[in-house]
J.: 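First, the structure itself, so that you have it in front of you.
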Amino acid sequence: MNKVNTSRAFAAAVALIVSGPWLAGAEAQLAVRGRTVLTMSGPPLENGVIIINGGKITAVGPAATTPIPDGYRVLDAAVITPGLIDAHSVVGLTGIYNQKHDQDQLERSSPIQPELRAIDAYNAHEELVAWVRSFGVTTLHTGHAPGELISGQTFIVKTTGNTVGAAVVKETATVAATLSGAALKGGRRGSSAKGKSPGTRGKLVAMLRAEFIKAQEYRTKRENAEEDKKPARDLKLEALVRVLDKELPLMVTAQLAQDIANALRVAREFDIRIILDGGAEAYLLMDELTAANVPVIVHPAMTRAFGEMKNMSFETAARLRHAGILIASQSGYESYVPKTRVVLFEAAIAAANGLSFKEALATITIDAARILGIDQRVGSLEVGKDGDVALFDGDPFEYTTHCIGTIIEGQVVSDTPR
Amino acid sequence: MRSFTVTVLSAALGAMGMASIANAQETPLAFTGATIIPIVGETIERGTLVVQGGKIIAVGADDAVTIPPGAEAINAADKVIMPGLICTHSHVGGIGGADSSGPIQPDVRIYDSINVLDPGFRRVVAGGLTTVNTMPGSGHLLSGQTVYMKMRRGKTIEELAYRDDDGKPMGGIKMANGTNSIRDKPFPGTRGKSAALVRAKYIKAQEYRDKIRRAEGDPEKMPPRDIGLEALVEVLEGKRIVHHHTHRHDDIMTVLRLAEEFKFRVVLHHVSEGWKVAEEIAEAGVPCSIILVDSPGGKLEAVNLLYKTGSILEKAGVKVAFHTDDWITDSRLFFRMAALGVRAGMSREGALAALTLNGAEMLDLGDRIGSLEVGKDADFILLSGDPLSVYTKVLETWVEGVKVFDRSDPKDLLHAVGGYGAGSDQIPYMCCYDHGEASQ
């Protein structure tokens with residue numbers, strides 16, 4: 001009996017040592033005190049405290065009436081928020097060096113590849129993951145990038161972990177589609193490289209529709225046929241069936257009003273859930289988006305305003321939000337310098353351009369969690385949710401404020417003031 | 001005879017520009033009750049700025065400045081007034097400098113390729129910038145001559161270029177080393193080759209200069225005119241500044257080495273690893289124009305780009321300015337750069353000077369712009385609050401006493417925040433950006 005217990009304890013200890021870069025013990029017991037605690041589930045708490053035990057929040061309340069148990073490590077900050085959520089990134093598949101070997105976010109061999117999983121392409125040790133973590137980002141929705149009609153899957157991870165397995169929150173979050181000109185072969189609108197499809201928008205949507213129809217027929221055959229008459233498993237069509245079944249949303253990257261309208265049309269035809277990614281001209285279609293109940297992960301506010309982004313506005317987040325559309329902020333996808341944006345900075349621009357402070361903070365906390373379907377676990381500081389917290393020495397949106405600490409499930413994963 | 005005519009023509013063009021400005025601003029304007037950040041000297045809590053004829057004629061505390069009779073008084077209480085911002089490194093205007101025919105093209109003038117009506121310039125003034133150094137890119141060892149532009153409302157580059165005492169447009173010359181300029185033949189394939197090509201060209205320029213001197217005006221002895229070597233001779237004679245893109249610490253040292261050999265005046269640009277060789281840069285007495293972006297990386301030589309570069313250089317005694325490298329970062333967000341510098345340890349005064357006077361000096365314009373001092377150009381901006389706050393807006397931008405941007409004007413607001421009709425399809429200049437891998 002003793003031998004078994006010892007070996008189990010040993011195994012647990014080994015697991016702890018190899019499982020991450022954090023400093024506290026396995027039973028992380030942490031109290032975080034803030035002059036202002038922005039729980040995102042009710043009004044801000046003045047002089048509040050968050051108690052975390054075993055990776056979960058066990059108490060939230062005013063410091064005066066919320067005792068900190070003995071032996072807990074105590075951290076203090078001026079402002080405390082839930083750990084930030086980046087609703088759309090490619091970090092982890094894209095790397096800091098921007099060389100061929102660290103760029104796995106876009107497979108160019110074929111335009112429709114919904115079977116490509118993010119979990120098979122994510123580098124948990126990518127430096128850019130640590131970079132965004134140091135600004136308070138604790139949860140990343142990351143994966144295959146815009147740029148092909150269906151580039152692959154995305155997933156949700158915490159910004160820590162020695163391996164992707166230790167980091168994963170949701171193994172598949174969305175199937176990522178691009179209905180913008182970025183998915184067209186051979187350049188800008190209307191042109192096409194000889195022999196390469198899709199070369200035009202008409203072809204783009206036709207290919208998408210044909211694939212969904214194939215998936216419908218595959219689903220029917222798999223469901224109805226007898227065991228020995230079923231068609232062979234097809235990973236591509238399986239992924240699309242999950243979209244047809246509304247198990248997974250299709251995240252559609254589209255900027256121009258016409259492309260957003262295309263996305264809504266396809267969604268209606270196949271009765272699927274979509275999330276609009278980007279939406280530079282979404283302010284032209286707010287009624288349609290509201291009627292279709294489509295949430296929008298608004299493009300980074302600091303995106304360069306050329307090409308399909310030429311009509312973008314700093315105020316789009318505010319306009320959509322005030323029309324009743326559920327929105328989140330993102331760091332997006334960059335091909336050059338800077339290799340990644342930081343979602344905190346993007347939300348700050350939205351906060352300075354029509355969104356209230358609370359509305360802007362929601363786009364990187366609770367509303368991002370709602371859009372991603374992870375709000376049971378993260379997005380606000382509430383009892384029972386993950387102990388993910390970001391600590392700041394002032395208004396998190398102010399340029400000169402620092403993130404002084406980042407906590408994931410009760411472990412301090414970053415404490416360099418950034 | 002020929003050169004005399006050219007001089008008169010240049011002077012006439014310059015005078016035309018100045019005359020129209022003087023007419024536009026005969027009535028003095030007095031802004032009162034504002035928080036004034038002059039850059040030189042202390043911040044003035046309740047101050048008055050008086051401008052006339054395109055110049056600053058008074059600046060000081062409300063009770064210390066006499067407003068001239070007939071002046072139009074403008075209540076600027078609750079506003080902050082600063083000098084117009086200066087960007088030493090911009091690619092706005094649909095520009096195209098050197099082409100792919102070779103790595104060293106000093107004959108090419110960006111002056112000949114700027115679309116002054118580009119909406120990007122509307123965003124430039126919306127960001128509070130009043131002077132920009134418009135440059136060709138960094139995909140060459142030497143990509144051409146730059147031009148220093150005043151953000152007046154105008155239709156042609158003739159109207160916007162700064163001019164020297166002879167009426168000639170002012171500008172520097174753009175050079176680069178490191179990975180951007182290493183490309184397929186005929187471009188260099190290595191750093192060693194890059195430096196060798198540059199040295200060979202400057203030696204040719206030295207010999208061209210010496211031949212001209214020895215000819216003493218005798219047309220029989222003069223070498224055939226070479227407009228590229230002419231520009232390099234201006235560099236050798238200290239009349240034209242080298243604006244040198246460089247990232248990695250060893251590439252920075254190479255620039256200093258070449259500057260020492262050929263005695264050219266140089267401003268280092270980007271300087272991503274400047275924090276590693278701050279002492280060496282300080283010892284060389286060379287100023288740095290730096291950029292802060294959202295994350296390190298994106299290319300190998302920027303992997304160690306740090307926000308604290310500005311702070312480390314400042315502490316080492318190096319003169320620091322910021323630049324947008326528009327389109328790499330947006331001119332409307334130029335203040336963000338200074339704020340990030342302060343975030344990482346730079347002094348507030350140093351960061352604000354890095355947006356204004358320091359950049360002016362790096363363009364040989366420090367006697368004309370960059371601070372709110374009597375006699376300098378009336379280039380200034382009105383802000384809604386502290387310049388380093390994300391919530392602050394640029395309310396108005398003035399150039400030579402003429403308002404060129406007003407946020408309360410819906411046409412200008414469209415450019416300040418974006419929206420339908422704000423932009424153009426134009427593909428921006430960002431060296432090495434692969435347009436096939438669009439970030440859309």
Side-chain angles (χ1 to χ4, degrees), chain A residues 95-99 106 127-128 131-132 145-147 178 180-182 187-188 253 255 278 280-281 283-284 299 302-316 331-342 345-346 348-349 351-354 395 397-402 418, chain B residues 119-120 123 291-300 302-303 305 307 325-330 332-333 335-344 348 351 386 388-393 414-428 430-440:
Chain A
I96 189 172
Y97 299 104
N98 207 11
Q99 303 298 298
L106 196 57
E127 284 178 58
L128 291 177
W131 176 259
V132 302
T178 304
S180 73
R188 315 292 296 282
T253 300
Q255 310 293 349
E281 295 182 0
Y283 53 78
L284 297 177
H299 59 79
M302 293 189 274
T303 303
R304 300 173 182 104
F306 75 95
E308 294 192 357
M309 303 302 297
K310 68 184 179 193
N311 293 322
M312 61 164 277
S313 166
F314 290 154
E315 296 177 336
T316 296
S331 61
Y333 163 53
E334 291 294 324
S335 65
Y336 185 43
V337 172
K339 197 66 194 67
T340 185
R341 299 188 177 278
V342 176
F345 299 160
E346 302 300 328
I349 301 297
N353 283 277
D395 176 341
F397 292 140
E398 274 294 18
Y399 292 139
T400 47
T401 291
H402 305 88
R418 186 74 84 183
Chain B
R123 288 197 293 276
I291 186 171
L292 301 180
V293 290
D294 299 62
S295 62
K299 53 184 184 177
L300 288 172
V303 168
L305 185 156
Y307 290 173
D325 200 1
D326 203 329
W327 293 64
I328 293 291
T329 75
D330 193 317
R332 293 174 295 178
L333 300 169
F335 273 114
R336 180 168 176 259
M337 200 90 60
L340 290 179
V342 169
R343 186 182 186 129
R348 182 187 158 89
D386 185 88
L388 300 186
S389 169
V390 66
Y391 303 108
T392 292
K393 302 289 189 286
L414 179 63
H415 293 291
V417 302
Y420 207 78
S424 68
D425 266 322
Q426 174 228 328
I427 295 176
M430 284 187 286
C431 172
C432 316
Y433 180 89
D434 179 355
H435 297 293
E437 297 269 331
S439 61
Q440 302 176 42

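Chain identifiers are assigned alphabetically (A, B, ...) following the order of the sequence lines, protein sequences preceding nucleic acid strands; residue numbering begins at 1 within each chain.
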J.: Out of A:Asn98, A:Val132, A:Leu284, return the one with the most heavy atom pairs under 4.5 angstrom to chain B.
T.: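 Counting heavy-atom pairs under 4.5 Å, the top option is A:Asn98.
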J.: Parallel, tilted or perpendicular: which describes the rings of B:Tyr307 and A:Phe345, with under 30° parallel and over 60° perpendicular?
T.: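 Because their plane-to-plane angle lies in the 30° to 60° range, the rings of B:Tyr307 and A:Phe345 count as tilted.
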J.: Less than 4.5 Å to any heavy atom of chain A: does that hold for the side chain of B:Leu333, its backbone, both, or neither?
T.: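 Side chain of B:Leu333 only, per the 4.5 Å heavy-atom cut-off to chain A.
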J.: Could you list the residues that satisfy salt bridge (Lys or Arg N to Asp or Glu O under 4.0 Å) with A:Asp395, not counting sequence neighbours?
T.: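 By the salt bridge (Lys or Arg N to Asp or Glu O under 4.0 Å) rule, A:Asp395 matches no residue at all.
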J.: Is the OH atom of B:Tyr391 crowded by more than 12 outside heavy atoms at less than 6.0 Å?
T.: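 Yes, enclosed.
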J.: Step by step, would you call A:Tyr283 with B:Tyr420 a side chain to side chain contact (heavy atoms under 4.5 Å, CB included)?
T.: CA-CA 9 Å; A:Tyr283 53 78; B:Tyr420 207 78; 3.7 Å; yes
J.: Can you tell which of A:Glu398, A:Arg418, A:Lys339, A:Met312 has the highest number of heavy-atom pairs within less than 4.5 Å of chain B?
T.: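 Option with the greatest count: A:Glu398.
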J.: Taking B:Ala302, B:Ala338, B:Pro296 one by one, which has the highest count of heavy-atom pairs under 4.5 Å against chain A?
T.: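 Most pairs with chain A among the choices: B:Pro296.
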J.: Considering residues at least two apart in sequence or located in another chain, which fulfil the salt bridge (Lys or Arg N to Asp or Glu O under 4.0 Å) criterion with A:Arg341?
T.: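 A:Arg341 satisfies salt bridge (Lys or Arg N to Asp or Glu O under 4.0 Å) with A:Glu334, A:Glu346 once adjacent residues are dropped.
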J.: Quick check on A:Thr401 against chain B: is it the side chain, the backbone, both or neither that has a heavy atom closer than 4.5 Å?
T.: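 The answer is the backbone of A:Thr401.
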